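Below: one structure, written as structure tokens.
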There are 2 protein chains.
Amino acid sequence: MVRGMEQKRSETIADAVEEMILSGAFADGARLDEVTLAGRFGVSRTPVREAMQRLSLSGLVELRPRRGAFVRQPGPIEMLEMFEVMAELEGVCARLGASRIEDGALNALEAANAACAIAAEAGDADAYYRANEGFHHRLYAESGNRFLAGEALRLHRRLQPYRRLQLRLRGRMAQSLAEHAAIVAALRAGDGDRAAKAVYDHVAVQGEKFRRLMRTFPNDDAA
Amino acid sequence: MVRGMEQKRSETIADAVEEMILSGAFADGARLDEVTLAGRFGVSRTPVREAMQRLSLSGLVELRPRRGAFVRQPGPIEMLEMFEVMAELEGVCARLGASRIEDGALNALEAANAACAIAAEAGDADAYYRANEGFHHRLYAESGNRFLAGEALRLHRRLQPYRRLQLRLRGRMAQSLAEHAAIVAALRAGDGDRAAKAVYDHVAVQGEKFRRLMRTFPNDDAA
DNA sequence: ACGGGCGCTCTTGTATGCAAGATCGTTGAC
DNA sequence: GTCAACGATCTTGCATACAAGAGCGCCCGT
């Protein structure tokens with residue numbers, strides 16, 4: 001995936017718009033006007049259009065022919081679905097990793113979790129987020145299945161904003177830390193099934209928390 | 001996903017090129033020249049470029065800035081990795097489906113498998129392929145998780161050419177039929193874990209067969 | 001003869017121009 | 001007053017034009 005520093009403008013734009021969409025700058029169903037975006041980025045419509053093509057395949061925008069690009073925010077149901085798949089994918093990563101992971105990688109995982117702990121102690125949600133990201137990315141890599149790792153990374157990235165939301169919840173960081181430790185322990189024991197379940201629970205709980213958040217603030221409507 | 005009949009040219013082109021790549025019309029690493037493709041499709045470079053953007057996100061082509069689009073055929077290792085993920089994803093579909101599937105859907109699955117049987121008896125690999133596809137698509141849908149179903153569908157589509165290859169193997173169709181039956185039986189029993197394992201085996205065996213094919217004809221080289 | 005530097009050409013990336021479909025307001029008929 | 005059809009306008013989709021990087025070969029120096 002690393003491909004040199006150079007980036008086409010269309011990629012930069014795609015990333016920027018993706019960032020905007022994920023950060024909730026656009027409401028669901030909002031139309032992304034080509035000339036407006038082009039103006040905002042100081043380019044012509046062409047790179048903007050190419051960026052839209054890419055975003056449409058990521059599922060972040062829907063391209064309706066002759067109509068334009070519309071941002072497609074996942075509703076609560078789709079979000080839970082994505083968390084479910086994420087949990088399963090990460091679980092598979094752990095199961096596959098358990099049988100082949102080496103001491104170095106295990107130590108790296110523990111180091112990542114230690115970084116999480118430091119951030120948690122400082123109450124720094126941002127730092128925690130980054131450290132947590134490192135932990136999970138390494139877990140994906142340790143699956144030994146690069147394709148799986150790529151898919152997991154993709155979905156992880158897609159769920160980023162929602163996960164970030166969770167961290168604000170009281171006690172979530174501490175709980176997450178403990179779950180990480182359980183995962184590492186299972187991996188160190190070489191127990192794939194236990195590791196898979198630990199990871200599944202660790203991820204699925206986020207979807208569950210989200211479900212509860214939604215019940216208390218039912219401002220979103222299901223599709 | 002259904003979005004009306006209308007298709008932009010860039011989508012048509014993307015599909016056509018994808019078809020060509022999947023059917024092996026291009027060697028790995030071949031450069032897809034924009035003007036050549038534009039000429040072949042009788043359009044300008046613009047829609048071709050938009051098609052390339054889409055294909056790059058599917059992983060079928062690699063876009064190297066200022067260099068062009070290069071087809072990226074998965075090597076044998078990546079293929080096995082994809083089959084592994086496919087097996088897990090379909091397994092999850094089955095597990096989720098087992099607890100909620102209804103009689104109508106079960107009967108539809110059996111009908112799909114019956115269609116497989118007819119095709120198998122006739123030795124019609126193409127018809128078998130279509131019927132088999134119907135079986136699996138329905139399985140995805142019955143997971144009740146639309147996001148998961150979408151992801152499964154995507155990967156299924158990506159693996160299409162390799163799966164097709166397998167069907168030529170002697171006895172594979174009959175074996176596949178039996179596996180389908182086992183899946184349906186587990187689902188009917190509401191046994192999610194058994195269904196998941198049956199599906200996993202059903203899919204994973206294809207990767208395994210492929211691995212064996214590769215050992216006998218080691219003309220491909222691993223990345 | 002061999003290697004490095006320079007420039008030519010080809011290709012990509014972006015901008016602009018143009019045609020056709022979609023949207024929306026208006027107008028006319030009932 | 002309501003509804004439908006029509007047209008003006010706006011937007012997309014595509015074609016073409018232009019600029020800049022990448023690749024390649026040639027030439028020159030050693």
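Bear in mind the structure is a predicted one, so any value in this text is a computation, not a measurement. In what follows, chains carry the letters A, B, and so on, assigned in the order in which the sequence lines appear, proteins first and then strands, with residues in each chain numbered from 1.
- Applying the ring pair (Phe, Tyr, Trp, His ring centres under 6.0 Å) criterion to Phe135(B), with sequence neighbours excluded, gives His180(B).
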- Item | Paired and unpaired positions of DNA chain D as dot-bracket, Watson-Crick or G-U wobble under 3.5 Å, | denoting a partner strand | ||||||||||||||||||||||||||||||
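- Residues that satisfy the side-chain contact (heavy atoms from CB on, under 4.5 Å) test with Glu133(B), not counting sequence neighbours, are Tyr129(B), His137(B), His156(B).
- For residues 94-104 of chain A, the side chain to side chain donor-acceptor pair (under 3.5 Å) pairs, not counting sequence neighbours, are Arg95(A)-Asp193(A).
- Listed by first and then second residue, the salt bridge (Lys or Arg N to Asp or Glu O under 4.0 Å) pairs involving residues 73-82 of chain B are Arg72(B)-Glu78(B) (not counting sequence neighbours).
- Judged as a side-chain contact (heavy atoms from CB on, under 4.5 Å), and not counting sequence neighbours, the contacts of Thr12(B) are Gln7(B).
- For residues 16-28 of chain A, the pairs satisfying salt bridge (Lys or Arg N to Asp or Glu O under 4.0 Å) are Glu18(A)-Arg157(A), with sequence neighbours left out.
- Listed by chain and number, the residues in a side-chain contact (heavy atoms from CB on, under 4.5 Å) with Leu159(A) are Met82(A), Phe83(A), Met86(A), Leu155(A), Tyr162(A), Arg163(A) (sequence neighbours excluded).
- Shown here are the side-chain contact (heavy atoms from CB on, under 4.5 Å) partners of Arg31(A), two or more places apart in sequence or in another chain: Asp33(A), Phe70(A).
- For the contact set between residues 38-48 of chain A and DNA chain D, defined by any heavy atom under 4.0 Å, the members are Arg45(A).
- Arg146(A) is linked by a side chain to side chain donor-acceptor pair (under 3.5 Å) to nothing, counting only residues two or more places apart in sequence or in another chain.
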N/O contacts under 3.5 Å, protein versus nucleotides 5-9 of chain C?
none

